[in-house]
Number of protein chains: 2
Amino acid sequence: MTLPSTYADRNCSLARALEVVGERWTLLIVRDAFFGVRRFGDFATQLRIPRAVLTNRLKSLVQEGVLIRDEDAAGGVEYRLTAKGIELWPVVRALMNWGDAFYSPSGVKRAVRHDQDGGLLDHEGRCQDCGSVVPIPEIRIERGPGFDPADSESDPVSDAINTPRRLLEPIMAVRTPPAGQG
Amino acid sequence: MTLPSTYADRNCSLARALEVVGERWTLLIVRDAFFGVRRFGDFATQLRIPRAVLTNRLKSLVQEGVLIRDEDAAGGVEYRLTAKGIELWPVVRALMNWGDAFYSPSGVKRAVRHDQDGGLLDHEGRCQDCGSVVPIPEIRIERGPGFDPADSESDPVSDAINTPRRLLEPIMAVRTPPAGQG
DNA sequence: ATGGCCAGTTCACTGACTGAACTAGCGCTG
DNA sequence: CAGCGCTAGTTCAGTCAGTGAACTGGCCAT
């Protein structure tokens, strides 16, 4: 973390957690990672975050073991959630629930389902159809009734994110338009 | 919120929630409120937060309906969680759990119990003794195995907070020593 | 009136965020 | 191999928020 001496209370795990994910942008980066964003440029365009800040945040998150940085064969760089990062899902979910409850009068902005049977998940992450606690990679996220397309950007990354998909599934933003198209 | 245009994504309840509680210090103020802190000076000393920042944060939280500001008969000011603020408990709990899991090797820093029967609560807030989902005011919080007294400040407010107590129960920092003493 | 307590303000300083432009590595194409 | 585009960053000047300490002003008891 960039700050010299952050939160004083050494006996508070909330303070400790906030030192890792409490800075501006950080949890949104983590959210995007859950939604399948993996590339520097995709984070930058989707979040409209200054690239310098993104660099810092990704560095901290890698250093803290929340993300892992991979260079693929072509020299491309990928940031993916580690097991520790995936454990942040309850945090992301709790904040989403609260935001939905108090700032989205027409219903949740994103619905969360069990990919296997389509059952809705309750707040504890349990499938209301099969009753099991759904593992993160089996969670499907899709638009809910509160989702307003007019509020959404239409860059390829946002489009990909707003398509129903399983968590952690990498997005496939169309980078190379098919030949024969104008 | 102080920032002119905060997070871009209007279709994300996480971003929306972070506009309210995502700034530095804010969630720690909310945590303290759960722990029974109600007075400006108590927040300031316990969190070691600059008073100017505390003023801003309390103002935003009141404006957002997370806290309510009360002036008692004596002109004293109290900040208390509203129902909306109390709904932030899952957020606070999720972050605490994550911090405990990854930064407190000797066990949780604070244990969370059902005050009625002393049963430990699981991550969903369910009492492992009686099986019920425990309402917030019936939750007792106390030191856990990971709590290290050496790491703790010994101001009256911290002392009060580190004493086993029910959530939302106001702290009684000793302000007026009983007559006939000293 | 005096002094203490409390809530909140003021102020100079520092440091992080912002946005835009720039650099550098790599693969492709001509 | 030159030139181009794509990607992952870095640099930089300007701005704005956080920091810490000192100060104000209301209220109460002495």
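Order of the sequence lines sets the chain letters (A, B, ...), proteins ahead of strands, with each chain counted from 1.
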Tell me: [atom1] of [X] to [atom2] of [N], nearest whole Å?
| X | N | atom1 | atom2 | value |
| --- | --- | --- | --- | --- |
| A/L47 | C/dC17 | CG | P | 15 Å |
| B/I49 | C/dG8 | CD1 | C1' | 13 Å |
| B/E23 | D/dC16 | CD | P | 15 Å |
| B/N56 | D/dT19 | CG | P | 11 Å |
| B/L54 | D/dG20 | CG | C1' | 14 Å |
| B/E71 | D/dC27 | CD | P | 9 Å |
| A/D42 | D/dA8 | CG | P | 7 Å |
| B/R38 | C/dC6 | CZ | C1' | 18 Å |

State whether [X] and [Y] are salt-bridged, where the test is any N-O pair (Lys NZ or Arg NE/NH1/NH2 against Asp/Glu carboxylate O) under 4.0 Å.
| X | Y | answer |
| --- | --- | --- |
| B/R10 | A/D151 | no |
| A/R80 | A/D70 | yes |
| A/E87 | A/K84 | no |

Report yes if at least one side-chain N or O of [X] is closer than 4.0 Å to OP1 or OP2 of [N]; otherwise report no.
| X | N | result |
| --- | --- | --- |
| A/R69 | D/dG9 | yes |
| A/R51 | D/dT11 | no |
| A/R48 | C/dG19 | no |
| B/Y79 | C/dG8 | yes |
| A/W25 | C/dT18 | yes |
| A/R39 | D/dA8 | yes |
| A/R57 | C/dC17 | yes |

Report which part of the nucleic acid [X] touches: base, sugar-phosphate, or nothing (heavy-atom distance under 4.0 Å, all strands).
| X | result |
| --- | --- |
| B/A52 | base |
| B/F43 | nothing |
| B/V53 | base |

Query - Nearest to side-chain heavy atoms of B/K59, which nucleotide of D/dT10, C/dT9, D/dG18 - result: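 Side chain of B/K59 sits closest to C/dT9.
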Query raised in the report: Which nucleotide in the list D/dG20, C/dG8, C/dT18 gets nearest to the side chain of A/P50?
Result: C/dT18
Query raised in the report: Would B/V62 end up clustered with B/I29 when hydrophobic side chains under 4.5 Å apart are linked, directly or stepwise?
Result: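 The answer is yes; both residues are in one hydrophobic cluster.
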Query - A/T82 (side chain) donor-acceptor with A/I68 (main chain) under 3.5 angstrom - result: no
